[in-house]
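Numbers for residues simply follow the sequence, beginning at 1. Indexing begins at 1, ligand by ligand and atom by atom, following the structure's order.
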Amino acid sequence: MTDDKSSGSNAMWGGRFASGPDAIMEAINASIDFDKRLARQDIEGSRAHAAMLAATGIISTADAEAIRAGLETILAEIESGRFQFSTGLEDIHMNVEARLRELIGDAAGRLHTARSRNDQVATDFRLWVRDQTDAAIAGIEAVQRALLEQAEAGADWVMPGFTHLQVAQPVTWGHHMMAYVEMLGRDAGRFCDARARMNECPLGAAALAGTSFPIDREMTARALGFDRPAANSLDAVSDRDFALEFLAAAAITAMHLSRLSEELVIWSSAQFRFVTLSDRFSTGSSIMPQKKNPDAAELIRAKIGRILGALVALFTVMKGLPLAYSKDMQEDKEQVFDAADTLLLSLAAMEGMVRDMTANREALEAAAAAGFSTATDLADWLVRRLGLPFRDAHHVTGALVRMAEERGVDLADLSLADMQTVHPDITEEVFSVLGVRNSVESRTSYGGTAPSRVREQIARWRERLG
Ligand code: ARG
C-alpha cells in the first residue's frame, strides 16, 4: 500500500524519483510518530476543504461525498486505535490520504486539489494549538477557583509577609492567595490574546503562492471556526507565531506555578507548618517512615524547565528561516506537544494540591508576630501622632527594635518607660499599633492587605470566575 511498486519511491510525491529513500532518510524525515496527534484536526481540515471544493464546483458533489464518508471512517479507525500508521508515508497528512485512497479509490486523489501539505499542516497545527489554548485557560481558571476558596476561608487570617524571605510586615492569608489569582488572571489573559491573533485560517495558501482554482477561503475559514482567512499566503504557511505565543504564555504560567510551588514546599516544612498538604498530593520516603514529601509541588516547580526549553527550541528553529515553508518547521510539533501536556498536567496537579491543602491558622498567626513585623506600623505611628519626619521615625523605630532584640522580646513587650528612653513623647497609645491584627486592618489602601480590601478582591474574582 505504501510504496509505488514500479519505482520503489513515495506514492504521493515519487513521480520524479527513481528510487525510494534510504532508511536513514526515512527516519529523519518521518513525523508520523508524533504528528498522529493532529489526526482529528487533519480530518476536520480535509472535510472543510472537500466541502468547499464541491461548493465552488472544483470537484463533483459525488466525489466530495465519497471523501466525506471516507474521512469519517478514517476518524473512527484512528479513534478506536485500529488505524495502521506507516512511517513510509511520512506524516499524518499522507497517512490519511493513502488510507482514503484505499477506502474510496480515485476520488481521494482530488482532495489535494488547490491545497499543499504546507497550508494543511499550518491549519492542523493552529487548530490543535487553539484547542490547547482553550484547555490552558480552563486549567488556569480551575486553579484560580481553588485559590479563591482558600482566600475566602482565610480572608482575615494573619500571616507574615516576606521580602527577601525575611519577615517584612503582617499580611492576610486571603491577600497572599489572591496575589496568585491576579498572576494567573494575567496568564489566562495572555492565552486569550494569543487565541484571538492565531484565529486566522492558513488553508488555501496552498504551497506558498495561493492557487489558480476559484477556492472560497472565507468558507473554509468559517467551517473551521476561524475569524477570517490569513491575508498573505506566504506568511500563512511560514508563520509559527501562534505556537511561539502559546509557548511564551505557557512559560510565564509555568513560572508562576513554580513560584507558588516553591512557597508550598517551604510552607509545608516542619519549620514553617503554614500549610498541610493532603495525603492525596504527597508522597512518602522509602527509608524514612515519618516523611511526607511535597513531590507534586517540587515537580511543578521544575516543569518550567521543559516548557521554557520548548520555547527556546522553537525560537531557535524559526530564527533565520527564509520564506516560505522549510522542513525545519516540522520540529515545531514535539516541543509544543510536550509543553502543552506538561502545562495541563501541572495546572491539574496545582489545582488538586491547592484545593486539598489545609492552612494552619495558628501557625500563620504565631509566625506573623515574630521578627518585629509591626516595626513599620510603629514608625508610621510616630509620623502620625508625633509629627516626626518618616526618616526620623525610621531611626527611632530602629533603636527600639535593637533594644527589643537585645532583650530577646517583641516590640510589644517593651515597657512605655523603656520606649520613652528612645523618644520621650511616645505614649501608651503606641501599643495599639503593635498588634498584627491592627496592623493588617489598618492597611486599607486600594489593593492592600486589610481584610475589607481582600474581600473586595475576592468578590470581584468570584464574579468573574463564577
Ligand atoms: N510533516 C510536515 C511538517 O510537519 C508537513 C509539511 C510538509 N511539507 C512539505 N513541503 N514537505 O512540517
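Of the charged side-chain nitrogens involved, none lies within less than 4.0 Å of a carboxylate oxygen, so that E97 and R101 do not count as a salt-bridged pair. A salt bridge does not link E245 with R190: every distance from a Lys NZ or Arg NE/NH1/NH2 to an Asp or Glu carboxylate oxygen is 4.0 Å or more.
Geometrically, R130 engages F226 in a cation-pi contact, judged by NZ or CZ lying under 6.0 Å from the ring centre and within 45° of the ring axis. A cation-pi contact, defined as under 6.0 Å to the ring centre and within 45° of the axis, links R37 to F337. Both tests pass for K36 against the ring of F85: distance under 6.0 Å to the centre and angle within 45° of the axis.
With ligand atoms numbered from 1 in the order given, ligand 1 contributes 5 (C) to contacts under 4.0 Å with heavy atoms of H93. Ligand 1 places these atoms under 4.0 Å from at least one heavy atom of S31: 1 (N). Close contacts between ligand 1 and N118 involve ligand atoms 8 (N), 9 (C), 10 (N) [criterion: under 4.0 Å to a heavy atom]. Remark: ligand 1 atoms within the under-4.0 Å shell around heavy atoms of D91 are 1 (N), 2 (C), 5 (C).
Defined by atom type and a distance below 3.5 Å, a donor-acceptor pair is present between the side-chain atoms of T376 and Q169. Residues R280 and S278 have side chains that never bring a donor and an acceptor to within less than 3.5 angstrom of each other.
Contacts between K333 and ligand 1, counted as non-hydrogen atom pairs separated by less than 4.0 Å, involve the side chain only. No part of E90 comes within 4.0 Å of ligand 1, judged by heavy-atom distances.
Residue, atom and distance of the protein heavy atom nearest to atom 2 (C) of ligand 1 are Q330 OE1, 3.2 Å. Nearest protein heavy-atom neighbour of atom 7 (C) of ligand 1: Y325 OH, 3.5 Å. The nearest protein atom to atom 11 (N) of ligand 1, hydrogens excluded, is given as R117 NH2, 3.5 Å; this is a heavy-atom distance.
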